[in-house]
Engineer: 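The following block contains the structure, expressed as C-alpha cells.
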Amino acid sequence: MKITRLLTLYYEATPDPQNPLEGVRFGTSGHRGSSLKATFTEAHVLAIAQAIAELRPSFGATGPLFLAKDTHALSEPAWATALSVFAAHGIEVRVEADGDYTPTPLVSLAILEHNVHHEAKADGVLLTPSHNPPEDGGFKYNPPTGGPADARITRAIEERANALLKEGLKGVKRLPFREALARAKPFDYAGLYVEKVAEAVDLEAIRASGLRIGVDPLGGASLRVWERLAEVHGLPLEVVNPTLDPTFRFMPKDHDGKIRMDCSSPYAMAGLLALKDRFDLAIGNDPDADRHGIVTPRGLMNPNHYLAAALHHLYTTRSWPGAKVGKTAVTSALLDRVAQALGREVYETPVGFKHFVAGLLEGWLGFAGEESAGASFLRFDGRPFSTDKDGILMGLLAAELMAKRGQAPDTLYEALAEKLGRPYYARKDLPVSPEAKARLARLSAKEVHPSTLAGEPVLQVLDRATGNGEPLGGIKVVAANAWFAVRPSGTEDVAKVYAESFLGEAHLERVLEEATALLHKALA
C-alpha cells in the first residue's frame, strides 16, 4: 500500500503503553473524520521520517528540527518513532522540555524565530490529526517557511517514502528511543509564544478591560499555553476545562455521533456553550490549536462571520501599508466586501493554508483566513508571527476587539452585514463515483457555460484561483450577489458543493439547486 496523502496520515488502534511502538497501524483520515481508506504499519512512519531526514537539506533546512506532538493517544508513539529516525541522522532535534504537548502555531513561531537569527535554517514536524477523532493521529511537516508544506515538498517526501517501502525500508536509520531522547535538546515552545504574542495582539488592552474570558482547550495542546498567558500577562481568563484525556471521552458527540474536537461545531462546543452566560467571551481550540471557536452570550459564531469581523478590526487598527487580504475560494464573499470597503486587495486561493505561507512570511498578506476556522495575521510591525493557522492568536484577537471597541465580535459582524450585505452560506456533500470525482477535478471553465445564476448574470466561471492562479480542483461560478463552487473531496467519494447568497435563504436554495444540476450535467 502506497502513501498517497502524507499530511493526512493517521494512526489506527491503541498502542500498548508498555511497548508503545509495537503493533501500531497507520491509515489515511479525511476531513471531519471520514471513514478508513487504508491501513498501514509503523514502517510507513519510519519511511516518512527517513524521507524527511534525507530531503530536508533540499528544502533549505540544515539547522535544527522542531519536533512536537498533540494530545491524541497515538501522537506519542508516532513522535517517538520520528525522533528515533531524526536522531539517527545526527539532526539536532528540539523537543518540549518536560515532554509536554505543543500546538501547531508554536512550532511555526519557533521555526520563524530561529531562522531570523541563524544561517542554518530550521524546519519542524508535528504529530497531530488536528480536530479528528481520538483514534486518529497525524504527521505534519513544516519546512523553513514555518507553514504547511507545499505540493512540491509533499510530493518529494511521498515519492521517497514510497520508494523506501518498496525496498523494504533498506537504508532507514533508527536509534533506540532512550538514546534518541538523550540526544534531543529541550526547548520551551510555550515560553517563546507567550513572550512574542504581545508583538501581535494588544495584551495590555485585554488585561485592563475587565472582560470575563473563558477558554476551553477541548482536551488539547493549548491548555498550558493559555495557563501561562494568564499567569505571565495577567489576562482575565479562566480555563474552564483543564482535562487532558487521550480518549477525549469527556467530549460531547458531534453531529454524526462521533467524538470530534471541532471548535467550529456547536455539538463539540456544547460544553462551552452551556457556560456562555458566565463570560463576555469564550474561546475554544482543537487539539493542535490551529483552529478557533468564538462564543459570545449570543452563542457560537459562524467561522465566516468571525473572519469578517476580525478582518475589519485588524485593518482598522494596524497600518500594514499595501498588505492584501488572503482568503480561500470557498470562504465567504463578505470578506471581499469588507476588504473593498477598506481599500484592500483580496488574494484568493484554492483550499489549503499552504497558499498563504509566502504572503504572510514576506508581509504582503496582512491576514489570511479560511472558512474552516483557520487564520493568522502579522505582528504590529508587519513581520510574520505564525505562517500556519493559529487558533490561540485568533482567540486573543477576539478579546482585543472587545477590549478596544467595547463590543463583541458578533456585534461588529452584524454591523458589517447590515452595511455590506448579509451572507447566507451552505455546504453540501454529494456522493459520486471515483470516476466522476476524477472528472470533476479535471473540469475546465471552458466546459461550463451558465449565463445566469439564480436569476443574476454570471460574471465569472473559474477553474483557477484569482489570486495565485493555481487550479481550484473544480469550478467556481460567480454572480453579483451569489456564488457557488464544486470540488472533489481529497479523501472520500463525494463532491463538495459550497454556495453563498446575499439575497436570502430562498435565493441560497436556488443557488444550491442550480449548482447541483450543473454538477450532474458536467459529470454525466
Side-chain angles (χ1 to χ4, degrees), residues 68 70-71 96-110 113 187-245 250 261 263 269 271-297 300-301 306 310 313 376-377 379-380 385-386 389-406 408-409:
D70 82 346
T71 53
E96 194 74 63
D98 55 1
D100 206 351
Y101 308 104
T102 310
T104 286
L106 275 65
V107 174
S108 180
L109 176 64
E113 283 293 311
F187 185 81
D188 186 4
Y189 290 90
L192 176 66
Y193 190 94
V194 169
E195 173 192 353
K196 296 296 183 180
V197 74
E199 298 175 4
V201 179
D202 191 342
L203 300 182
E204 176 56 37
I206 299 172
R207 181 167 53 249
S209 66
L211 291 171
R212 297 169 300 159
I213 304 170
V215 175
D216 189 348
L218 301 184
S222 66
L223 171 61
R224 305 294 182 232
V225 183
W226 285 110
E227 290 177 340
R228 289 180 68 172
L229 281 167
E231 177 185 355
V232 173
H233 294 289
L235 302 184
L237 65 85
E238 175 188 344
V239 175
V240 300
N241 175 23
T243 304
L244 289 178
D245 176 358
F250 58 86
M261 291 64 69
C263 50
M269 292 282 278
L272 193 56
L273 284 166
L275 302 175
K276 64 183 177 62
D277 294 333
R278 282 179 50 192
F279 302 104
D280 302 301
L281 174 72
I283 302 159
N285 292 127
D286 63 337
D288 73 317
D290 69 345
R291 297 184 182 211
H292 57 270
I294 304 300
V295 176
T296 75
L300 177 65
M301 285 194 72
Y306 177 55
H313 176 70
S376 190
F377 55 89
R379 305 183 207 211
F380 289 109
F385 180 72
S386 63
K389 294 177 288 189
D390 193 336
I392 301 171
L393 188 69
M394 293 300 294
L396 289 170
L397 181 69
E400 181 201 292
L401 187 158
M402 289 193 71
K404 288 195 162 186
R405 295 179 179 272

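By convention here, the first residue in the shown sequence is residue 1.
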Engineer: How long is the gap from CD1 on I294 to CE on M402, to the nearest 0.5 Å?
Structural biologist: 10.5 Å

Engineer: Salt bridge (charged side-chain N to carboxylate O under 4.0 Å, His left out), that's the test. Do R224 and E227 meet it? Break it down for me.
Structural biologist: CA-CA 5 Å; R224 305 294 182 232; E227 290 177 340; 3.4 Å; yes

Engineer: Nearest heavy-atom pair of T71 and G219: which atoms, and what distance?
Structural biologist: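 In this case the closest contact between T71 and G219 is OG1-O, 2.8 Å.
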
Engineer: What are the two closest non-hydrogen atoms of M394 and A310, and how far apart are they?
Structural biologist: CE-CB, 3.9 Å

Engineer: At their closest point, which heavy atom of L393 faces which heavy atom of S376, and how far apart are they?
Structural biologist: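 L393 and S376 have their closest heavy atoms at CD2-OG, 4.0 Å.
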
Engineer: I would like to know whether E96 and D188 meet side-chain contact (heavy atoms from CB on, under 4.5 Å); could you show each step before the answer?
Structural biologist: CA-CA 6 Å; E96 194 74 63; D188 186 4; 4.1 Å; yes

Engineer: Nearest 0.5 Å, what's the NE2-CG distance between H233 and L396?
Structural biologist: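 These two atoms lie 9.0 Å from each other.
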
Engineer: Return the OH to CG distance between Y101 and L223, rounded to the nearest 0.5 Å.
Structural biologist: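 One finds 10.5 Å between OH of Y101 and CG of L223.
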
Engineer: Is there a donor-acceptor pair under 3.5 Å between the side chain of K276 and the backbone N or O of P297?
Structural biologist: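 Checking the backbone N and O of P297 against the side chain of K276, a donor-acceptor pair under 3.5 Å is found.
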
Engineer: Passes side-chain contact (heavy atoms from CB on, under 4.5 Å), F385 versus V197? Steps please.
Structural biologist: CA-CA 8 Å; F385 180 72; V197 74; 3.9 Å; yes

Engineer: Indicate the atoms forming the closest heavy-atom contact of A399 with I213, along with that distance.
Structural biologist: CB-CD1, 3.8 Å

Engineer: Salt bridge (charged side-chain N to carboxylate O under 4.0 Å, His left out) with E204: which residues, sequence neighbours excluded?
Structural biologist: R207

Engineer: Tell me the closest heavy-atom pair linking L192 and F187, and the distance in Å.
Structural biologist: CD2-CZ, 4.0 Å

Engineer: Between N241 (side chain) and D216 (backbone), is there a donor-acceptor pair under 3.5 Å?
Structural biologist: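 Side chain of N241 to backbone of D216, a donor-acceptor pair under 3.5 Å: no, none is there.
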
Engineer: Output every pair passing side-chain hydrogen bond (donor to acceptor under 3.5 Å, both in side chains) with a member in residues 389-406, not counting sequence neighbours, ordered by first then second residue.
Structural biologist: Y193-D390, D202-K404, H313-E400, H313-R405, T316-R405, R318-E400, E370-K389, S386-D390

Engineer: Can you tell me how far CZ of R212 sits from CG of L237, rounded to the nearest 0.5 angstrom?
Structural biologist: 14.0 Å

Engineer: Please round to the nearest 0.5 Å and tell me the distance separating atom CG of L401 and atom CD1 of I206.
Structural biologist: 10.0 Å

Engineer: Between M269 and L218, is a side-chain contact (heavy atoms from CB on, under 4.5 Å) present by the stated rule, with each step listed?
Structural biologist: CA-CA 8 Å; M269 292 282 278; L218 301 184; 4.2 Å; yes

Engineer: Could you measure the distance from the CE atom of M301 to the OG1 atom of T296? Nearest 0.5 Å is fine.
Structural biologist: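 Spacing of CE (M301) from OG1 (T296) equals 7.0 Å.
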
Engineer: Can you name the nearest heavy-atom pair linking N285 to I392, along with the distance?
Structural biologist: ND2-N, 3.7 Å

